[in-house]
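Worksheet: one structure, shown below.
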Amino acid sequence: MVKEKMNIARVNRISEFDGQTVQLNGWVYNSRRSGKIGFLMLRDGFGIIQCIVAKNDVGEDKFEEFKKITQESSLSIVGEVVKNERAPGGFEIITADLTIHHISTDYPISPKEHGTDFLMNNRHLWLRSKRQHSILKVRHEIIKATRDFFDSHDFTLVDSPIFTSNAAEGSTTLFSTDYFEEQAYLSQTGQLYGEASAMAFGRHYNFGPTFRAEKSKTRRHLTEFWMVEPEIAFCEIEEDMEWAERLIHFIIKRVLENKRAELDILERDIPQLEEALKPFPRISYTEGVNMLKEGGIDFEWGDDFGAPHETFIAEKFEQPIIVHRFPAAIKAFYMKRDPENEKVVLGMDILAPEGYGEIVGGSERETRIDVLEERIAEEGLNQEDFDWFLDLRRFGSVPHSGFGMGIERVVAWICKLPHVRETIPFPRMMGRLRP
RNA sequence: UCCGGCAUAGCUCAGUUGGUUAGAGCAGUGGACUGUUAAUCCACGUGUCCGAGGUUCGAGUCCUCGUGCCGGAGCCA
């Protein structure tokens with residue numbers, strides 16, 4: 001039996017236990033035997049380490065027991081931590097004792113190749129694999145960096161509600177739900193509430209799930225995704241762009257500092273990612289249209305950029321770029337008109353390089369109540385639903401700006417994944433509600 | 001919603017111009033091996049060929065419809 005009061009080690013800190021006898025608790029990642037010696041790859045959630053199980057060390061009975069273990073069986077190992085160059089990771093455990101907690105039978109994910117649909121059906125188990133583990137560790141670092149960034153600049157996290165009565169952006173499809181005999185929608189953005197918070201706290205951010213019932217089947221779309229949305233009082237569009245750029249620089253630095261091993265497992269091209277630490281070029285929509293025309297692409301001023309247009313412009317740069325001042329007609333009602341050109345709004349999008357497209361969308365907000373009322377009517381939205389929002393322009397209206405950053409798209413880009421579905425533990429997409 | 005592709009063993013796939021008994025690798029089980037790195041070697045098994053209908057002497061293969069999945073467009077983060 002495994003002894004009580006043993007040093008319990010975690011694989012990520014195994015070097016601190018060099019030469020000591022420790023206990024490790026985990027699952028079998030893989031194992032192979034060669035007569036009287038076995039090699040057990042133990043996965044403890046913090047890492048994977050090789051454990052040597054030799055008949056001479058553990059005895060006849062324990063060795064017979066070891067022979068029974070299968071992939072993803074759970075067990076505890078007691079043994080000495082030793083340096084060994086032959087072991088992946090540089091350290092291995094010379095097993096003195098092992099206790100089996102549970103034997104797995106027919107674990108579906110073998111160490112060979114599988115299709116995405118099969119793996120997604122087994123997502124609850126797929127999370128145990130090295131690659132998925134690394135992606136979610138990077139996701140965690142990105143989220144933590146985001147929160148640290150805002151927290152360290154006096155932003156207050158103020159959560160926005162998930163159930164809402166109003167559509168903030170008329171064009172997008174909403175999930176509808178029955179709310180005590182009234183219709184409620186799942187939030188597609190926390191922004192309008194964020195504006196209320198900014199007037200109360202000066203600098204605000206919210207971070208939560210958002211829902212879009214778009215029937216999108218592309219590598220960039222989920223129906224449920226996480227978005228961080230800062231909103232800043234007394235902030236104009238140029239400063240808004242600065243905040244977004246500084247945030248992304250900060251995130252990249254932190255991932256490079258703390259998640260290098262994970263990026264290596266994902267075979268991420270590091271120098272290419274480091275390009276994102278350069279300043280972000282700022283291009284107006286009109287300049288973007290000219291770039292398309294010079295590139296021989298048929299495009300009319302006033303049309304919205306499609307994915308191919310975004311890609312065409314973004315591919316000219318190694319780092320993310322900021323596109324700003326879009327035609328008012330194609331953007332949301334709350335964006336402020338450019339005083340120098342009423343045809344455009346003070347909105348901005350950040351396009352990630354390497355074909356990842358839009359990761360940030362933001363704007364300076366319209367401060368004039370009459371303009372907002374007009375725009376709400378134009379969009380065919382219900383004025384009553386926005387009455388509380390319009391109060392923000394009745395009681396001390398000030399210039400303010402904000403943006404939303406999609407976490408999954410940032411994770412996909414930083415990890416250089418082919419699809420956003422692997423960036424979230426349990427993706428929700430059209431045709432995917434389980435597990 | 002629109003356009004294109006795919007569907008064969010638990011998994012990944014092959015399957016010729018339509019031809020008689022549908023195959024491989026991996027995983028699994030048993031055995032050999034004290035330094036393996038997705039170990040190797042020997043032995044053993046598995047099929048609603050996505051579903052329905054049609055053409056044909058004969059369909060995994062051809063046709064029609066349906067279903068599921070994948071990619072893209074639109075929309076967006």
Side-chain angles (χ1 to χ4, degrees), chain A residues 29-41 48-58 63 67-68 70-72 82 84-89 92 94 104-122 126 129-130 168-174 188-191 207-229 244 303-311 330-332 349-352 356-362 403-413 418-421 423-424 429-432:
Chain A
Y29 195 75
N30 198 2
S31 79
R32 28 186 179 268
R33 260 185 301 128
S34 122
K36 292 165 190 162
I37 185 167
F39 301 90
L40 166 70
M41 306 306 288
I48 297 173
I49 192 163
Q50 173 166 284
C51 303
I52 307 299
V53 184
K55 199 184 225 174
N56 286 348
D57 297 334
V58 296
F63 198 75
K67 283 180 170 177
K68 292 182 203 155
T70 55
Q71 192 188 0
E72 289 301 326
V82 297
N84 192 324
E85 281 177 14
R86 289 173 294 185
E92 63 183 18
I94 306 300
S104 293
T105 47
D106 300 325
Y107 186 72
I109 303 174
S110 63
K112 289 279 176 170
E113 77 245 47
H114 300 281
T116 316
D117 191 46
F118 173 80
L119 290 167
M120 270 302 168
N121 286 333
N122 290 287
W126 191 21
S129 78
K130 249 187 218 171
E169 294 167 24
S171 56
T172 8
T173 331
L174 295 152
Q188 56 182 345
T189 170
Q191 188 209 306
F207 182 63
T210 45
F211 306 89
R212 307 263 167 106
E214 295 153 0
K215 292 188 174 174
S216 305
K217 287 166 100 172
T218 81
R219 65 183 68 193
R220 297 185 304 281
H221 288 86
L222 297 167
T223 55
E224 178 183 307
F225 65 96
W226 287 68
M227 189 152 68
V228 62
E229 296 176 287
D303 291 344
D304 204 358
F305 289 150
H309 306 118
E310 282 185 357
T311 307
I330 58 169
K331 287 290 174 180
D349 285 353
I350 299 186
L351 307 181
Y356 282 90
E358 190 177 341
I359 52 172
V360 165
F403 61 87
M405 183 179 79
I407 293 297
E408 286 75 18
R409 286 190 182 174
V410 173
V411 178
W413 164 50
H419 200 299
V420 289
R421 66 189 154 204
T423 64
I424 188 164
M429 300 179 285
M430 207 183 138
R432 169 71 60 192

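The structure presented is a predicted model; accordingly, all values stated were derived computationally and were not measured. Reminder, nothing fancy here: chain letters follow the sequence lines and each chain counts from 1.
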Base, sugar-phosphate alone, or nothing: which one does [X] contact when heavy atoms must sit under 4.0 Å apart?
X	value
A:E85	nothing
A:G431	sugar-phosphate
A:D349	nothing
A:V360	sugar-phosphate
A:K217	base
A:I109	nothing
A:I407	nothing
A:P108	nothing
A:R421	sugar-phosphate
A:Q50	base
A:G357	nothing
A:N56	base

[X] [atom1] to [N] [atom2], straight-line distance once rounded to whole Å:
X	N	atom1	atom2	result
A:N121	B:G10	CG	C1'	13 Å
A:H114	B:G25	NE2	C1'	13 Å
A:K67	B:U29	NZ	P	13 Å
A:R86	B:U37	CZ	C1'	12 Å
A:M429	B:G72	CE	P	12 Å

Is there a donor and acceptor pair closer than 3.5 Å between the side chain of [X] and the base of [N]?
X	N	answer
A:S216	B:C76	no
A:R409	B:C76	yes
A:H221	B:C76	yes
A:N30	B:U37	no

Exercise. Establish, from distance only, whether the side-chain atoms of A:T423 and A:H419 form a donor-acceptor pair under 3.5 Å.
Key: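 No, no side-chain donor-acceptor contact under 3.5 Å.
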Quiz item: If we ignore angles and hydrogens, is there a donor and acceptor under 3.5 Å between the side chains of A:T189 and A:E229?
Solution: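 Side chains of A:T189 and A:E229: pair found under 3.5 Å.
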Exercise. Determine if A:F225 stacks with B:A77; use a centre-to-centre distance below 5.5 Å and an interplanar angle below 30° as the criteria.
Key: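 Base of B:A77: stacked against A:F225.
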Please pick, from [options], the nucleotide with the shortest atom-to-atom distance to any side-chain atom of [X].
X	options	answer
A:I52	B:C70, B:C76, B:G35	B:G35
A:P308	B:C69, B:A77, B:A73	B:A73
A:D117	B:C70, B:U29, B:A73	B:C70

Quiz item: Mapping A:A307 and A:K331 to their closest nucleotides on RNA chain B, which lands nearer the 5' end?
Solution: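 Closer to the 5' end of RNA chain B: A:A307.
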Self-check item: Toward the 5' end of RNA chain B, by each residue's nearest nucleotide, A:D304 or A:R432
Solution: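 Nearest nucleotide further toward 5': that of A:R432.
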Quiz prompt | A:E92 to A:Q50 - nearest heavy-atom pair and separation | solution =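 Minimum heavy-atom separation between A:E92 and A:Q50: OE1-NE2, 3.1 Å.
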Exercise. With a 3.5 angstrom cut-off on both distances, give the Watson-Crick or G-U wobble partner of B:G71, or none if there isn't one.
Key: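 B:C3 is the nucleotide pairing with B:G71.
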Quiz item: Side chain of A:Q71, backbone of A:I109: donor and acceptor closer than 3.5 Å?
Solution: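 Yes; judged by distance alone, with no hydrogens or angles, the pair exists.
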Exercise. Determine yes or no for a side-chain-to-main-chain donor-acceptor pair under 3.5 angstrom, with A:N122 supplying the side chain and A:F118 the backbone.
Key: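 A pair under 3.5 Å: yes.
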Practice problem: Taking atom P in both B:C13 and B:G4, compute the distance separating them and give it to the nearest angstrom. | Solution: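 Between the two P atoms, the distance is 23 Å.
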Self-check item: Ring geometry between A:H309 and A:F305 (parallel below 30°, tilted from 30 to 60°, perpendicular above 60°)
Solution: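 Answer is tilted, since the angle falls between 30° and 60°.
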